[in-house]
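One structure is given below, encoded as structure tokens.
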Amino acid sequence: MSTGEHLASAGQHVAALRSVVAGLRRSAGDTVDVRRLEEDVRRVAADLELLGQRAATRSGPGRPGQEEVVYIPDTDYDPSFWGDADDEGLGHTRR
């Protein structure tokens, strides 16, 4: 089962749990315990949503789960690039 399939299945279970907790509210009334259950279901639903967003971000272009490779050249930077940089913490280098 893929991550997306797991998330979809968990989402269906959360929806079913939400329905059951609503039934408990109707039968048990507005109690502290029922409110805590409702808050727990909201939190689990929000956590699943975050996991889904992370999974979508990670898969991006290319193969699922593969991060984009950024190549950094081995050549020296143009000295003008460092023209206004401070040498703080490195000691005085212009002696």
Side-chain angles (χ1 to χ4, degrees):
M1 206 180 236
S2 71
T3 301
E5 292 170 328
H6 284 293
L7 288 171
S9 176
Q12 292 169 353
H13 289 292
V14 169
L17 183 58
R18 186 177 285 137
S19 175
V20 169
V21 171
L24 284 171
R25 176 180 272 285
R26 286 189 295 277
S27 64
D30 184 25
T31 66
V32 171
D33 297 324
V34 171
R35 281 186 265 145
R36 285 181 57 208
L37 278 172
E38 289 171 333
E39 183 58 34
D40 290 344
V41 172
R42 278 192 289 275
R43 183 183 47 79
V44 169
D47 289 345
L48 279 174
E49 186 177 332
L50 287 173
L51 282 172
Q53 291 171 358
R54 286 188 193 129
T57 302
R58 272 191 238 127
S59 63
R63 293 190 315 220
Q66 181 181 4
E67 299 291 328
E68 179 183 356
V69 177
V70 177
Y71 292 98
I72 300 173
D74 289 334
T75 58
D76 289 335
Y77 287 102
D78 181 3
S80 65
F81 178 78
W82 305 104
D84 62 345
D86 292 331
D87 291 330
E88 184 177 327
L90 299 177
H92 189 42
T93 59
R94 296 184 183 110
R95 289 188 185 178

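Excluded from the calculations below are hydrogen atoms, water molecules and symmetry mates; all remaining heavy atoms, backbone and side chain alike, are included.
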Shared hydrophobic cluster for Val20 and Val41 (ILVMFWY, side-chain gaps under 4.5 Å): no

Go through it in stages, so that I can follow the logic: the residues are Val21 and Arg25, the test is side chain to side chain contact (heavy atoms under 4.5 Å, CB included), and I'd like the CA-CA distance, side-chain angles, deciding distance and then a yes or no. CA-CA 6 Å; Val21 171; Arg25 176 180 272 285; 5.8 Å; no

All heavy atoms of Gly52 vs all of Leu7, minimum pair found to be CA-CD1, 3.6 Å

Is it the case that more than 12 heavy atoms not belonging to Asp30 sit under 6.0 Å from its CG atom? yes

Indicate if Leu17 and Val34 have the same hydrophobic cluster label, given that clusters are the connected sets of ILVMFWY residues with side-chain heavy-atom separations under 4.5 angstrom. no

When you compare the side chain of Leu51 with that of Asp47, does any pair of heavy atoms fall below 4.5 Å? no

Between Glu39 and Arg42, is the closest basic N to carboxylate O distance under 4.0 Å? yes

Short side-chain donor-acceptor distance under 3.5 Å, Asp33 and Thr31: no

Taken to the nearest 0.5 Å, the spacing of Arg35 CZ from Asp40 CG works out to 13.0 Å

